[in-house]
Amino acid sequence: MQATTALLHWYDRNFRTLPWRTPPNPELSGAKPNPYHVWLSEIMLQQTTVATVKTYFIKFTDLWPRLENLAEAEEEEVLKAWAGLGYYSRARNLHRCAKIVLRDYNGRFPEEEHKLQQLPGIGPYTAAAISSIAFNQHAAVVDGNVERVISRLRAITDRLPGAKPVIKSHMAALTPHERPGDFAQAVMDLGATVCTPRSPACTICPWVDLCEGRKQGIHESLPRKAPKRVKPTRKGMAFVIAREDGAIALRRRPDKGLLAGMSEPPTSQWSEDMKQDDLGQAPVKADWSLAPSTVKHTFTHFHLELAVWHTQVDAAFPLPEGYWWSVPETLEGEALPTVMRKVLKTPLA
DNA sequence: AAAGCGGGGTA
DNA sequence: TACCCAGCTTT
């Protein structure tokens with residue numbers, strides 16, 4: 001197929017080196033992809049940009065060079081290393097997946113898409129990506145970039161997510177049996193660097209003459225998506241208990257729900273009609289002061305505003321069950337999500 | 001089928 | 001500052 005060949009040539013010329021990638025065309029270079037690296041990077045790249053993932057990927061492979069090492073780590077250590085990347089269920093599923101692959105598959109990932117998709121944290125996209133990139137299997141890889149590129153190339157005007165099966169069948173028809181992994185990465189790279197959501201660089205696109213969306217002048221409006229809902233704003237209070245030596249009192253969040261299993265300074269309930277000066281919500285009796293600024297943070301489905309209250313206590317102060325002191329030297333390495341790091345960075349006066 | 005789940009990049 | 005982007009699991 002002409003479109004396929006043209007894009008593979010574009011990929012060979014525009015290949016971007018990344019820590020988890022092997023050079024294009026495995027049959028020519030002889031370099032074999034590392035399935036552990038491919039899997040780890042693909043999990044990290046879910047909803048997350050390449051630039052952000054790079055440092056975390058290096059940190060993880062440095063801490064746990066092989067899947068076996070990751071499988072034998074404590075979940076707490078994995079959550080600490082993941083802190084700041086977001087969507088923390090990914091870290092828990094990553095760890096569960098490593099244990100299952102070690103136990104059930106002798107530490108080697110299965111090559112087939114349908115077997116990969118049975119593993120925790122691996123859905124339709126990631127199963128196809130690992131199967132094609134790590135094992136050279138013919139799988140149709142569809143992520144957000146592919147949805148955009150293919151819907152423009154074929155002028156698919158049906159709304160997402162309904163149009164997904166049609167996009168997948170077009171991608172399957174375009175995917176070659178020779179270099180399926182390189183082709184999948186080529187379409188995703190094209191979407192990331194040329195066929196961008198806004199102001200696509202059509203003049204340098206290897207598919208410009210084939211692009212049905214551009215011929216019809218509708219490419220920039222594709223893909224069409226379901227309208228998004230407005231995010232409500234929830235309010236709450238965060239409580240920073242500081243000891244004389246600078247240690248901060250932390251606790252662990254519940255194992256289910258938002259920021260599951262992560263650490264935090266204690267907070268009140270978060271709700272739209274929350275009063276931010278009701279110290280009855282404080283975890284301990286103390287002499288509380290209000291910080292001059294509030295912390296603002298946006299999650300997937302709501303905005304959050306936290307009033308920050310703080311108090312200074314002496315070394316003998318008794319903490320509630322389950323709390324612990326984190327001294328300044330250990331604070332950085334705690335499993336603190338970004339919103340809680342914002343709380344701890346808030347000027348107190 | 002719809003809702004829940006974070007963080008970073010860009011205009 | 002406001003808006004945009006993106007895959008898996010649970011309900």
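Note on naming: letters A, B, ... go to the chains in the order of the sequence lines (proteins, then strands), and numbering restarts at 1 for each one.
Distance from the side chain of A:Pro124 is smallest to C:dC8 among B:dG9, B:dG4, C:dC8. In the set B:dG9, B:dC5, C:dC8, the nucleotide with an atom closest to the side chain of A:Thr49 is B:dG9. For A:Pro337, counting side-chain heavy atoms from C-beta on, the closest listed nucleotide (C:dG7, B:dG7, C:dC5) is B:dG7. The listed nucleotides are B:dC5, B:dG7, C:dG7; the one nearest the side chain of A:Tyr88 is B:dG7. Of the candidate nucleotides B:dG7, C:dG7, C:dC5, C:dC5 has the atom nearest to the side chain of A:Arg148. Here the nucleotide nearest the side chain of A:Thr300, chosen from B:dC5, C:dC8, C:dC5, is B:dC5.
Between the CD1 atom in A:Ile241 and the NE2 atom in A:His310 there is a gap of 12.5 Å [rounded to 0.5 Å].
Sequence order on DNA chain B of the closest nucleotides to A:Ser199 and A:Tyr56 puts A:Tyr56 first from the 5' end. Taking for each of A:Gln47 and A:Asn93 the nucleotide of DNA chain C with the nearest heavy atom, the 5'-most of the two is the partner of A:Gln47. In this structure, A:Lys231 and A:Lys256 both approach DNA chain C, and ranking their closest nucleotides by distance from the 5' end singles out A:Lys231.
Contact check, A:His301 against B:dG4: no side-chain N or O comes under 4.0 Å of OP1 or OP2. Side-chain N/O atoms of A:Thr52 include none lying less than 4.0 angstrom from OP1 or OP2 on B:dG8.
At a threshold of 4.0 angstrom between heavy atoms, the contacts of A:Thr298 include nucleobase atoms, whether or not backbone atoms are also involved. Within the nucleic acid shown, A:Leu259 comes within 4.0 Å of sugar-phosphate atoms alone, with no base atom in reach, counting heavy atoms only. Using a 4.0 Å heavy-atom criterion, one finds that A:Arg198 contacts the sugar-phosphate atoms exclusively. As judged by a 4.0 angstrom heavy-atom cut-off over every strand, A:Lys225 is placed among residues touching the sugar-phosphate backbone only. Residue contacts shown for A:Ile43 are absent, as no nucleic acid heavy atom lies under 4.0 Å away. Counting non-hydrogen atoms under 4.0 angstrom, A:Tyr87 reaches a base of the nucleic acid.
Distance CH2 (A:Trp82) to C1' (B:dC5): 13 Å, rounded to an integer number of Å. Regarding A:His297, its NE2 atom lies at a distance of 16 Å from the C1' atom of C:dA2, rounded to whole Å. When rounded to the nearest whole Å, the span between CD1 of A:Ile167 and P of C:dG7 equals 11 Å. Residue A:Phe299 contributes atom CZ, which lies 10 Å from atom C1' of B:dG7 at whole-angstrom precision. For the pair A:His303 NE2 and B:dG7 C1', the computed distance is 14 Å after rounding to whole Å. A:Glu147 places its CD atom 11 Å from the C1' atom of C:dC5, with the value rounded to the nearest Å. Here the C1' atom of nucleotide C:dC4 and the CD atom of A:Glu220 are 15 Å apart, to the nearest Å. Atom CG of A:Leu45 and atom P of C:dC5 are 18 Å apart (whole Å).
On the P atoms, C:dC5 is 23 Å away from B:dC5, given to the nearest whole Å.
With a 6.0 Å cutoff to the six-membered ring centre and a 45° limit on the axis angle, A:Arg251 does not count as a cation-pi contact of A:Trp324.
Between the side chains of A:Asn145 and A:Arg148, at least one donor-acceptor pair of N or O atoms lies under 3.5 Å.
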Practice item. Check step by step if salt bridge (Lys or Arg N to Asp or Glu O under 4.0 Å) holds for A:Asp278 and A:Lys235. Key: CA-CA 12 Å; A:Asp278 174 16; A:Lys235 296 181 178 184; over 6 Å; no
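Dense packing is recorded around CZ of A:Arg16, with more than 12 heavy atoms of other residues, nucleotides or ligands lying under 6.0 Å away. Dense packing is recorded around NZ of A:Lys99, with more than 12 heavy atoms of other residues, nucleotides or ligands lying under 6.0 Å away.
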